Amino acid sequence: MTTDTTGTVARDGESRPGGPADSPFIRACRRRPGPHTPVWFMRQAGRSLPEYREIRATVPMLESCRRPELVTEITLQPVRRHGVDAAILFSDIVVPVAAAGVDLDIVPGTGPVVAEPIRTAADVERIRPITRDDVWYVDEAVRQLVVELGDTPLIGFAGAPFTLASYLVEGGPSRTHAKTKALMYGDEELWHALCGRLAEVTLAFLRVQIDAGVSAVQLFDSWAGALSEADYRRFVLPHSTAVLSGLVDAGVPRIHFGVGTAELLGAMGEAGADVVGVDWRTPLDVATGRIGPDKAVQGNLDPCVLLAPWPVVEAEVRRILEQGGAAPGHVFNLGHGVLPETDPDVLTRVVALVHELSSRRADQG
Ligand code: CP3
């Protein structure tokens with residue numbers, strides 16, 4: 001074990017100069033200065049890339065997540081093409097839940113669909129704890145990727161208990177999360193049993209990825225914005241905290257992200273994140289005021305802006321870099337995932353622009 005200048009414990013071999021721990025991305029997560037503002041995109045590996053569509057033409061989504069050679073190839077595609085500052089593991093938030101014994105599939109154009117939605121204590125009991133052997137393909141893919149990526153950090157991820165619970169209770173994607181909230185308000189004990197079980201699965205899944213060598217993790221609570229702050233604190237925060245605080249000793253930065261979370265940004269930071277992801281609705285300087293000076297921010301270009309003419313994209317990138325400067329660390333990203341209809345060349349240009357503008361600012365002191 002080694003200790004860096006911020007007193008953070010790094011794992012052996014990770015803090016060598018030029019290694020992933022010294023990369024612009026990890027430096028920004030740790031609120032340390034770097035050569036430029038790092039940039040990556042949620043869903044950078046996916047349908048915006050023709051090379052991804054070619055692989056997926058013959059392989060169903062969940063199968064592609066369970067074949068290490070495909071996970072490795074798809075994860076590397078956007079790194080090669082765009083020169084992003086970090087790779088994100090190609091997988092899905094439902095992969096560990098399926099490994100825990102829940103019968104589900106990812107349906108094209110719809111998302112995760114659960115055969116028998118969870119409604120009772122007996123249903124919760126069916127969600128088994130997972131070990132490395134249940135997700136061996138993720139362990140293997142991460143180990144291959146760490147070698148292939150060299151100095152570029154790999155981000156591991158998992159879904160947070162609320163967002164996972166929503167898919168499991170609804171049986172599929174939902175606009176209102178009505179069945180999820182009915183269970184939450186109607187049977188608090190069952191709700192906490194379900195989220196407690198999901199937190200265990202999530203923590204185990206992230207541990208497998210960290211043990212295999214990821215340099216950071218992101219906990220996606222995509223649908224937490226459906227809740228008031230009071231309900232978030234009562235029904236969700238304890239479980240997300242169990243996951244994030246369970247990784248304190250792991251020595252890798254933890255990013256926590258949700259959509260529509262303007263009212264929740266402070267609470268999401270309290271869950272134990274080093275970096276809070278912000279969607280496009282809240283300017284980053286305002287977000288920083290809510291999150292506090294001891295955390296970095298990530299975001300927050302509206303993915304739809306990428307469909308606009310280049311001068312619009314450029315102006316928005318400049319604005320976001322400017323407002324991100326108010327935070328003690330800024331990782332440039334979108335406010336949510338890349339839309340499938342995005343022109344990948346625009347993403348490549350955004351990476352170059354973020355690097356160019358932020359390096360110039362550093363030169364100017
Ligand atoms: O590049 C990356 O960001 C890594 C890959 C990644 C995927 N899913 C691949 C994927 C990540 C990080 C996820 C997380 C995920 N999955 C979340 C949290 C992030 C978010 O978007 O808020 C959620 C809510 C899911 C559930 C899910 N899986 C949805 C809503 C969908 C889209 C369904 C559709 O077809 O529109 C999926 C499928 C999925 N996961 C795809 C990809 C690339 C598309 C599947 C395909 O290519 O056919």
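Worth saying up front: this structure is predicted, and the values here are computed from it rather than measured. The analysis underlying the following values was restricted to heavy atoms, covering all of them including side chains, and did not include hydrogens, waters or symmetry mates. All residue numbers refer to positions in the sequence shown, counting from 1. Atoms within a ligand are numbered from 1 in the order they appear, just like the ligands themselves.
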S.K.: Closer than 3.5 angstrom, by distance alone: can the side chain of Thr163 be matched with the main-chain N or O of Ser222 as a donor-acceptor pair?
M.R.: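 Pair found, side chain donor or acceptor close to backbone of Ser222.
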
S.K.: Which heavy atom of the protein is the closest neighbour of atom 35 (O) of ligand 1, given with residue, atom name and distance?
M.R.: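 Ranking protein heavy atoms by distance from atom 35 (O) of ligand 1, first comes Gly109 N, 2.9 Å.
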
S.K.: Determine the sole option in Arg67, Gln144, Arg143 for which the side-chain hydrogen bond (donor to acceptor under 3.5 Å, both in side chains) test with Thr72 is passed.
M.R.: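 It is Gln144, the one option of Arg67, Gln144, Arg143 that forms the side-chain hydrogen bond (donor to acceptor under 3.5 Å, both in side chains) with Thr72.
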
S.K.: So is Arg53 close enough to ligand 1, meaning a heavy atom under 4.0 angstrom away?
M.R.: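 The answer is no: ligand 1 sits nowhere under 4.0 Å from a heavy atom of Arg53.
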
S.K.: Please determine whether any non-hydrogen atom of Gly159 lies less than 4.0 Å from an atom of ligand 1.
M.R.: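 Gly159: no contact with ligand 1 (<4.0 Å).
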
S.K.: Answer yes or no: is there a donor N or O on one side and an acceptor on the other, between the side chain of Arg197 and the main chain of Arg128, under 3.5 Å?
M.R.: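 Side chain of Arg197 to backbone of Arg128: no pair is present.
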
S.K.: Indicate, with yes or no, if the rings of Tyr52 and Phe90 have centres closer together than 6.0 Å.
M.R.: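 That pair passes the under 6.0 Å test.
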
S.K.: Any N/O of Ile106 closer than 3.5 Å to an N/O of ligand 1?
M.R.: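 No, there is no polar N/O contact under 3.5 Å.
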
S.K.: Specify the protein heavy atom at minimum distance from atom 43 (C) of ligand 1: its residue, its atom name, and the distance to 0.1 Å.
M.R.: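 Checking every protein heavy atom, the shortest distance to atom 43 (C) of ligand 1 gives Tyr52 OH, 3.5 Å.
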
S.K.: For atom 5 (C) of ligand 1, what's the nearest protein heavy-atom neighbour? Residue, atom name and distance, please.
M.R.: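 Protein heavy atom with the smallest distance to atom 5 (C) of ligand 1: Ser91 O, 3.8 Å.
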
S.K.: Select one of side chain, backbone, both or neither to describe which atoms of Phe41 lie under 4.0 Å from any atom of ligand 1, heavy atoms only.
M.R.: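 Near ligand 1, Phe41 shows nothing, with every heavy atom at 4.0 Å or more.
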
S.K.: With Cys29, which of Val331, Val252, Ile155 fulfils side chain to side chain contact (heavy atoms under 4.5 Å, CB included)?
M.R.: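 Output: one option passes, namely Val331.
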
S.K.: Can you check whether Arg56 has an N/O within less than 3.5 Å of an N/O in ligand 1?
M.R.: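 Right, the criterion is met.
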
S.K.: Just to be sure I read this right, does ligand 1 sit under 4.0 Å from the backbone of Leu89, its side chain, both, or neither, counting only heavy atoms?
M.R.: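 Backbone only.
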
S.K.: With side chains defined as the heavy atoms from C-beta onward, is the minimum distance between Phe157 and Val214 less than 4.5 Å?
M.R.: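 A side-chain contact under 4.5 Å is absent here.
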
S.K.: If you take the nearest heavy atom of each of Thr163, Ile93, Asn333, which one is closest to atom 25 (C) of ligand 1?
M.R.: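 Nearest option to atom 25 (C) of ligand 1, by heavy atoms: Ile93.
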
S.K.: To which protein heavy atom is atom 21 (O) of ligand 1 closest, and what is the distance rounded to 0.1 Å?
M.R.: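 Minimum-distance protein heavy atom for atom 21 (O) of ligand 1 reads His336 NE2, 3.0 Å.
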
S.K.: Short question: side chain of Thr342, backbone of Val338 - any donor-acceptor pair under 3.5 Å?
M.R.: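 A pair under 3.5 Å: no.
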
S.K.: Looking only at distances, please establish whether an N/O atom of ligand 1 is found under 3.5 Å from an N/O atom of Trp223.
M.R.: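 No; the residue has no nitrogen or oxygen that sits under 3.5 Å from a nitrogen or oxygen of the ligand.
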
S.K.: Do me a favour and list the nearest non-hydrogen protein atom to atom 19 (C) of ligand 1 with residue, atom name and distance?
M.R.: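 In this structure, atom 19 (C) of ligand 1 has Phe220 CD2, 3.2 Å as its nearest protein heavy atom.
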
S.K.: Just to be sure I read this right, does ligand 1 sit under 4.0 Å from the backbone of Pro173, its side chain, both, or neither, counting only heavy atoms?
M.R.: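 No part of Pro173 is near ligand 1 at this cut-off.
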
S.K.: Considering non-hydrogen atoms of the protein only, which is the closest contact for atom 3 (O) of ligand 1, and what is the distance?
M.R.: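 Nearest protein contact, heavy atoms only, for atom 3 (O) of ligand 1 is Arg43 N, 2.6 Å.
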
S.K.: Counting non-hydrogen protein atoms only, what is the nearest one to atom 36 (O) of ligand 1? Give residue, atom name and distance.
M.R.: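 Here the nearest protein heavy atom works out to Arg47 NH2, 3.0 Å.
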
